[in-house]
Structures are given as C-alpha cells and as structure tokens.
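As the structure is a computational prediction, the values presented were derived from the model and not from experiment. To find a chain, count down the sequence lines: A is the first, B the second, and so on, and within it residues start at 1.
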Amino acid sequence: MCKVPSEIVEKIGAAVFEGSIEEAGELAKQALASGLNPLDVIEKGCVPAIEKAGDWFARGDYFLPELVASAEAMKAAMAVLEPALREQKAERKVLGRVVLGTVQGDIHDIGKSIVGSMLSAAGFEVYDLGVDVPGETFVAKVKEVGADILGLSALLTTTMPRQREVIELLTEKGLRDKVKVIVGGAPVTEDWAHKCGADAYGEDAIRAVRVAKELVQ
Amino acid sequence: MSPGRRIRPIEPKLRLSFLSPDDIERIHNAALLVMEEVGVRFPSHKALDILEGAGARVDREKMIARLPGDLVMNAIKKAPSVYTLAARNPDDDLLLDGKHCYLSTDGCGVETYDLYTGEKRTSTKKDVHDSAKLADALDSIAFVWGPMVSAQDVPAETRALHELEACFVGTSKHVQPETIISEEIARYCVEMAAILVGGKDNLKKRPIFSVMQCATDPLGHDGGSLEASLVAAEYGIPTGFMPMPMSCATAPATLAGNLVVTTIDSLSALVLIEIAHPGAPVFFAAAPTAIDLRTGGYTGGGPEDFLLGGAFNQICDFYGIPLSMGAMATGAKVPDWQAGVDNSFSTVAPVLTCTDMLTGAGMLNGSKILSFQQMVMDCEIYEIARMFAQGIEVNDETLAVDVIKKVGVGGNYLAEKHTRRHLKDLWRPTVYDRTPYNVWEANGKKGAFETATEIARRLLETHETIPIPDDQRKEMAEVIKKAQMELAKGGVKHV
C-alpha cells in the first residue's frame with residue numbers, strides 16, 4: 001500500500017508508461033481514496049507518462065503495441081478519475097474531442113481501434129462507437145460531445161459510400177462546419193477522401209494522429 | 001474450340017517440414033480447447049440455429065457458439081479431402097488431391113497501375129476483365145481469385161455480380177470470388193453460373209466458381225459471409241474460409257499462438273457448413289501474418305508469413321482439408337527488390353509443403369494495387385519454384401554414366417543425344433535477363449519491368465479467351481439488371 005500521496009502519483013505514471021492496465025486503474029482508486037485531487041493525479045501522473053510514451057514511440061524506442069498498452073492504461077486510470085473530476089465540475093485539458101467508428105454494414109475493427117488508442121495517447125478525448133455504426137448514431141454523438149473531429153472507417157469498397165452518406169447527414173443537420181472529418185480504412189485513398197467531402201485522409205494510424213493534430217490547431 | 005490443357009500445376013517432390021507431428025497435435029488440441037471453452041462468434045441467427053441444433057452451446061446475445069470437440073471432429077470427417085474445381089473450359093479443371101499446387105491471381109485491390117500510362121488510378125470493371133484476361137493468357141495461372149480489383153465504376157449493391165461477370169468473360173479458367181458476402185448476392189451468383197453450365201443442378205458436377213470468405217479474427221466470422229457460404233454449399237459450390245490473423249493485433253505475438261487462432265477461424269466455419277450440408281466441399285485459405293510494429297499495418301510479406309504459410313499447410317494436411325495459401329502479397333509499392341524477395345519466399349514455403357492453391361499473383365502494396373507487370377513477374381517466380389520443387393531425380397538415365405564415358409576427359413556434351421533428350425528439363429526464363437552486357441546495353445538496358453510490360457501488353461492485345469455465347473451473356477446481364485432493381489431499394493448509393 002502506498003501511503004505517501006506523491007508516491008501514488010509517481011506509481012500511476014509508471015503504470016501508464018509501462019502499460020500496466022489493471023494496476024493503473026487500481027492505483028487511481030487508491031489515489032482518490034487517499035484524498036488526492038483527481039486533476040492533480042491526471043496532470044502530474046497520467047499526462048506526463050503518456051507524453052513520454054508518445055515521445056518514445058516517435059523516436060523509435062517504443063513499438064505500437066507498447067504505445068497502445070500505455071493508452072489503455074491511461075484509459076483505465078481515467079475511467080476512475082474522470083467521474084471524480086466531473087463531481088468537482090473541473091475539466092482536464094484535451095487536444096480535442098474525437099468521435100470514431102466503422103460505418104454501417106462494415107464490421108472491421110482493428111485499424112479503427114488502433115487509431116483510437118493512438119489519438120488517446122496523443123492527448124485527444126476519444127469516443128469509440130465501435131463497428132457497424134449507423135450515420136444517425138455518429139451525428140448524435142458528434143452533437144452530444146461537441147466533437148472537433150469525426151473519424152470514419154471502412155474496409156470494403158461497398159461500404160465506403162457510407163462515409164459520404166455520414167458527411168451528407170452532418171451537412172443536413174447543420175453540423176458540417178462544426179466538425180472536421182477524417183476518413184480511413186484499407187480501400188480509402190486520398191482521392192476518395194476528396195470525393196466524399198472529408199477534410200482529411202489517414203492512411204495509417206500515425207498519419208491519422210498527425211492530421212488530427214493539424215485539424216485542431 | 002478448346003485449346004487443350006494449358007495450366008501448369010506444380011507437383012512438388014521436395015518436401016519441407018515446419019512442424020513436428022507433436023507440434024501439430026498441440027496446436028490442434030489448443031484450438032479444440034478454445035472452441036469449446038471460449039467459443040466463436042457467428043453473427044447470423046441462421047448459423048446459430050444450425051449449430052445449436054447439432055449440440056453447440058449458443059449465447060444468442062453475444063452470438064457466440066461453443067463447439068464441443070466431438071462436434072468439430074465429426075464435421076471434419078464429413079468434409080471431402082479430394083474434389084474438383086471446374087472451369088468453363090473443362091481442360092482447365094483443377095483436381096484438388098493434395099498432390100498438385102495451383103497458382104491463382106491475387107485479388108481484392110482498389111487501385112490499378114495503368115499498363116500504358118503507368119498512372120495509379122481507382123480500379124474499374126474493365127480492370128477486372130483485363131486482369132482476368134491476362135490470367136487466362138498466362139499458363140502458370142490456374143484460376144482467377146478475387147476479383148483482382150474492385151469494379152468501383154458500377155453500383156455498390158451489385159458490384160460483386162458485375163465482377164463475377166467480368167471474370168467469367170475474361171477467363172475460361174476457374175473463378176474464385178471473395179466478394180460474395182450476403183445470401184442474396186450468393187443466390188444471384190448461383191443463377192449466373194447456372195446459365196453457363198446448363199442449370200443449377202449441373203453446378204454440383206461443374207462448380208465453375210467457388211467462394212472464399214474472410215474470417216473476423218480472432219474467433220469470429222461475418223454473418224453475411226456465412227449465409228452466402230451456406231447457399232454455396234447448398235448448390236455444391238466449394239466454399240473456403242480465410243483467416244488473416246496478424247500477430248500482436250488479431251493474434252498472439254507468438255507464431256504458434258497465431259496458428260491456434262488461424263486453425264480456429266478456419267475449422268469453426270467448416271463445422272457450420274458440414275452440419276448444414278454434410279459432405280459439402282470446403283477448403284481453408286490462410287494468410288496469417290504479423291503487424292508492422294511501427295505502424296500497426298498489414299505487412300504482406302516477411303519471414304513470419306513464410307513460416308506460418310508452410311506450417312498451416314501441414315495443419316490442413318493433418319485435417320485432410322485442401323488449402324489455399326496466401327502468397328506473393330508483397331507490401332512493396334512497386335515491382336522492386338522487396339517484391340521479388342517477398343514473393344519468392346512466400347511461394348517456395350507453401351509449395352514445398354504442397355499447398356493446393358497459391359493465392360496469388362499480380363498485386364502490390366499489400367494486395368491493394370493491381371500491377372499487370374507484377375502478374376507476369378510472379379508467374380516467373382512460380383516457374384522457378386516449380387523447378388526447385390522438382391528436386392533431383394537419380395536413376396540410370398539421369399546418372400548418365402554411358403554418356404559421361406563416351407565424352408570422356410575434357411570433351412563436351414553439347415551435341416550428345418542424351419543432352420537433346422533432357423535439355424528441356426532445364427529451366428528457361430521469360431523475364432529474367434541473361435543477355436551479355438553489350439547486348440543488354442544495345443537493347444536499351446531493359447530490366448525485368450520493361451520486359452514484363454512488353455509481355456503483358458502483347459498478351460492483352462493478342463490473346464483471345466474462349467467466348468461465352470451471346471445468349472448466355474445476355475442472360476447473365478439480365479440477372480444483374482434484376483438484382484440491381486431488387487437490391488437498390490435498401491442498398492448503398494452508387495459511389
């Protein structure tokens with residue numbers, strides 16, 4: 001058991017950096033139980049750790065599975081800390097809010113999930129709606145959380161047109177100018193991104209994070 | 001009319017072993033354990049009804065079926081080990097007997113390197129036809145898998161039918177689409193093929209197309225694909241299942257663990273098909289790989305793929321189920337050194353474990369870009385693998401003691417009858433450059449790419465595929481027209 005508060009914060013940081021998912025959640029609970037301010041734990045423990053993981057990845061000392069594990073550990077800690085944060089009516093700083101999912105009729109998951117983890121690791125707040133997501137669900141979530149970015153994934157040429165449909169739906173609901181849209185997935189090309197009316201194209205997870213950062217700047 | 005047998009399967013004499021019998025047993029037992037304890041996702045109530053009726057424990061909410069070991073083993077026993085993939089031209093039928101290895105095209109790409117301009121562009125129905133036609137002209141290629149690219153200039157809801165039509169017209173060899181992913185589309189495809197073989201009843205004897213489905217690794221399938229395969233099996237059309245687990249992402253990092261997932265995601269679909277239609281021809285198709293550790297992307301090549309390919313073939317032999325092994329799926333962006341290395345190794349490993357089908361030739365960027373030149377060059381790799389797999393035959397004739405005695409010390413064998421009898425046993429290149437330096441220079445310093453371009457253009461401009469009679473062409477077009485009307489109602493808008 002950690003008694004000294006700063007020691008817990010340090011341990012959370014280590015757990016996030018090392019990608020120890022269960023431990024990160026457990027330590028977050030201990031932090032709250034010992035009366036620490038959730039915002040302090042996030043900003044002094046979790047954020048520097050995930051940034052360090054990101055730096056290591058950028059310079060080639062961390063591989064993608066290691067970075068994803070860090071992002072998952074961060075998520076586990078945030079799942080405990082964020083409700084406490086809301087109770088205090090406090091808010092943490094995020095780069096932007098991202099709603100993400102695979103379009104209706106398409107059940108491919110892994111690429112989109114990697115993008116979600118990478119965006120979390122980069123400091124975005126990510127709402128992953130999963131796969132086979134109807135256009136209305138994307139639009140409703142964008143509205144609900146005030147998303148800065150909407151990420152639409154498709155792995156089939158027959159479901160790619162759904163990306164355009166979702167974008168058209170955003171326009172119809174008067175939300176198109178409030179959110180930037182990134183499209184991705186194996187058959188998606190730069191050319192299609194232009195054709196379907198998206199703002200950007202992420203060929204892989206690394207590029208998706210880069211364009212997301214550019215879009216919120 | 002018929003040009004006679006053209007295709008050139010490999011009959012490997014050399015055999016490599018990647019796994020010991022004990023290794024295979026352990027992978028098998030691990031797969032059985034996971035299928036029984038964790039289960040596999042079958043997101044189709046039709047599929048779950050069938051499995052539940054046969055004794056699987058089904059969780060309807062999660063759409064997971066836990067498959068008892070004896071159910072799995074009984075299903076395997078019902079599946080045939082030997083059967084034929086028919087071709088529109090019966091001379092090019094493919095007997096899957098575990099002794100022959102047939103090369104197909106690669107497929108499911110979305111872009112094409114234009115053969116004349118070199119430009120990379122969105123793929124069209126014409127590309128589907130032209131790639132099938134080039135495959136028809138190349139004797140190394142035994143059947144067309146895919147289609148090689150997506151026909152993105154036709155409506156999405158009937159795209160698979162347009163693609164099947166373009167393949168049938170482009171080649172008289174067997175066609176194996178991977179785009180038949182709903183029950184409705186499967187029924188239209190059956191209708192189209194029935195036109196060419198003289199009725200649905202004849203499809204059982206003459207399955208001129210087969211169906212391949214992707215699994216949803218790990219431990220899952222796609223509902224529409226399963227229902228499409230049930231239709232195929234109903235008409236005696238062979239149906240295959242293709243897991244592509246990627247180590248670190250959709251499979252464990254370790255290769256043995258990847259093989260457990262690959263085995264489950266193949267076997268579990270076979271169980272469904274054999275319960276519904278006992279004795280239906282099923283094959284496995286596998287393209288297990290590892291992620292790129294930097295980007296998380298599909299690698300399409302690399303030493304793990306070569307090992308996994310050979311090993312999974314041995315596992316399929318253990319079950320007595322034909323295998324189509326994913327090979328030649330290089331991640332290279334142009335036909336370069338990497339493409340050559342990848343496609344050579346990924347061909348040799350499954351050939352030396354005698355895979356039944358090798359899928360396939362002609363794509364770049366991890367099966368995303370069609371390259372006609374790459375298709376020609378991949379055929380050359382396949383021909384090198386053929387020569388290699390033959391090994392060395394030792395008998396009185398090949399030992400050639402008589403002619404060695406006759407030529408004696410310091411002579412040569414050039415004009416000997418023995419040489420004439422056997423000179424064509426040696427490999428002869430079509431793309432490889434073996435010209436002297438000054439000849440190469442005088443000919444404009446042509447490399448493999450330029451030679452392959454010339455061959456591909458010549459074949460596409462001069463080759464004539466055995467035509468489909470006009471009335472049958474019309475009937476197929478009618479089916480597509482009808483399908484368009486029926487499917488457009490609830491379908492996706494035209495891109």
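- Using a 4.5 Å cut-off between heavy atoms, B/Thr122 contacts chain A through its side chain alone, with no backbone atom that close.
- Interface remark: B/Thr216 contributes side-chain atoms only to the contact with chain A (heavy atom separation under 4.5 Å).
- With a 4.5 angstrom heavy-atom cutoff, A/Ala58 touches chain B only via backbone atoms.
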Report the C-alpha distance between B/Leu293 and A/Leu64 in whole Å, list the side-chain angles of each, state the deciding distance to 0.1 Å, and finish with yes or no for side chain to side chain contact (heavy atoms under 4.5 Å, CB included).
CA-CA 6 Å; B/Leu293 283 172; A/Leu64 183 113; 6.0 Å; no
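- Contacts with chain B were tallied for A/Asp204, A/Ile114, A/Ile110; A/Ile110 has the most, counting heavy-atom pairs under 4.5 Å.
- To the nearest 0.5 angstrom, A/Trp192 atom CH2 is 13.5 Å from B/Glu111 atom CD.
- For B/Asp342, the side chain to side chain donor-acceptor pair (under 3.5 Å) partners at least two apart in sequence or on another chain are B/Thr330.
- Applying the 6.0 Å contact sphere to CD of A/Glu66 captures more than 12 heavy atoms from other residues, nucleotides or ligands.
- With a 4.5 Å cut-off on non-hydrogen atoms, A/Leu67 does not touch chain B at all.
- Within a 6.0 Å radius of CZ in A/Phe63, other residues, nucleotides and ligands contribute 12 heavy atoms or fewer.
- More than 12 heavy atoms of other residues, nucleotides or ligands lie within 6.0 Å of NZ in B/Lys125, so this atom counts as buried by the packing criterion.
- With B/Lys368 contributing its side chain and A/Pro187 its backbone, the two residues share no donor-acceptor pair below 3.5 Å.
- A cation-pi arrangement is not found for B/Arg294 relative to A/Tyr62, the charged atom failing to lie both closer than 6.0 Å to the ring centre and inside a 45° cone about the ring normal.
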Stepwise side chain to side chain contact (heavy atoms under 4.5 Å, CB included) check, A/Leu156 with B/Ile181:
CA-CA 11 Å; A/Leu156 305 170; B/Ile181 54 173; 4.2 Å; yes
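- From B/Ser225, atom OG reaches atom CD1 of A/Ile107 across 7.5 Å, with rounding to the nearest 0.5 Å.
- Rounding to the nearest 0.5 angstrom, the gap separating the CG atom in B/Asp222 from the CG atom in A/Asp106 is 9.0 Å.
- For NZ of B/Lys482, the number of neighbouring non-hydrogen atoms (other residues, nucleotides, ligands) closer than 6.0 Å is greater than 12.
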